[in-house]
2 protein chains.
Amino acid sequence: MSANIHVTLSALAEPKRLQIVELLREGPLTVGEIAEKLELLQPQTSKHLGVLNKAGLVEAEAQANKRIYKLCQQPFKDLDGWLASFGHIWEQRYDRLDEYLRKLQGKD
Amino acid sequence: MSANIHVTLSALAEPKRLQIVELLREGPLTVGEIAEKLELLQPQTSKHLGVLNKAGLVEAEAQANKRIYKLCQQPFKDLDGWLASFGHIWEQRYDRLDEYLRKLQGKD
DNA sequence: TTAAAATATTCCTTTACAAGAATATTCGTT
DNA sequence: AACGAATATTCTTGTAAAGGAATATTTTAA
């Protein structure tokens, strides 16, 4: 069982965290490197990483007194799967209101 | 130009709004119908729809004194495109830290 | 033009959460 | 053991936003 969509979306909805995730696309990084590249203070970087970690978007690998963070793929796959549930809609005449209006008339 | 990912994610990060969006997958609905199906009060339903509308996720069609809301597809396509930028990563040996560790050593 | 239904808006209160600053922890090195 | 570097945690404060209640707006019908 994977984290639900809401957890993933909430974690990603914060600008700095979104930046962190986008940065980590390029490869694993330590806290210090992330903080430096995004011009963040270390404590908030750790805190954001903590949120991302709790949401299952990121995991850490200890290396000496450093911690190397990298993305987890499952939540992104889940999100992709969720979006796929919309995909088949667009091809249909979803945006044509004819059918709905007829249904609406029927109720009156 | 489409709304950026952050706007979309922020709008979807709220549980009720996520519910609304998922409900609208099945087809356009009026405010009253949404409120009824999700057991929400009308004012908060309108407010959530307002946020979704401002974020470009939803649009309304006036029909008498009702308003029929439906999904907009562009933001979802954009989000899908954003996720695609992760896709090629998973196939690579992204999760193998070897390379990174070597890089890290080189810096010391 | 008044009334009623559907929806939108405003105001208020409360809560969640991010930033900032300070401190604690952990690990390797000497 | 002690120190310094890297990271985590705690505490406080400020702010954005969600919920509730009341009211305003819009539209149709009588």
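A, B, ... follow the sequence lines: proteins, then strands. Residue 1 opens every chain. If you're wondering where the values come from, they're calculated on a predicted model, not measured in any experiment. Only heavy atoms go into these numbers, but all of them, side chains included; no hydrogens, no water, no symmetry mates.
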Using the 3.5 Å cut-off, write out each protein N or O paired with an N or O of nucleotides 3-5 of chain C and the distance between them.
from	atom 1	to	atom 2	distance (Å)
C/dA5	N3	B/Asn65	ND2	3.2

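To the nearest 0.5 Å, the span separating CG on B/Leu83 from NZ on A/Lys77 amounts to 12.5 Å. Atoms CD and NE2, on A/Glu14 and B/His6 in that order, are 7.0 Å from each other to the nearest 0.5 Å. The CD atom of B/Gln42 sits 13.5 Å away from the CD atom of B/Glu36 when rounded to the nearest 0.5 Å. Between A/Leu23 atom CG and A/Lys16 atom NZ the span is 14.0 Å, to the nearest 0.5 Å.
Between B/Glu59 and B/Lys70 there is a salt bridge, since a side-chain N of the basic residue sits under 4.0 Å from a carboxylate O of the acidic one.
Side-chain contact between A/Leu38 and A/Thr45 is absent, with no heavy atoms from C-beta onward closer than 4.5 Å.
Nucleotides of DNA chain D with any atom under 4.0 Å from a heavy atom of chain A span, from 5' to 3', D/dA5 to D/dT10.
Taken residue by residue, residues 39-52 of chain B places heavy atoms nearer than 4.0 Å to DNA chain C at B/Gln42, B/Pro43, B/Ser46, B/Lys47.
Using a 4.0 Å cut-off, some side-chain N or O of A/Arg17 falls inside it from OP1 or OP2 of C/dA18.
Cluster membership for A/Leu57 and A/Leu40, using ILVMFWY side-chain heavy atoms within less than 4.5 angstrom, is shared.
Place A/Lys16 and B/Ala60 on DNA chain C by their nearest nucleotides, and B/Ala60 ends up nearer the 5' end.
Relative orientation of the B/Phe86 and A/Phe76 rings is parallel, given thresholds of 30° and 60° on the angle between their planes.
To the nearest angstrom, C1' of C/dC17 lies 17 Å from CG of A/Leu18.
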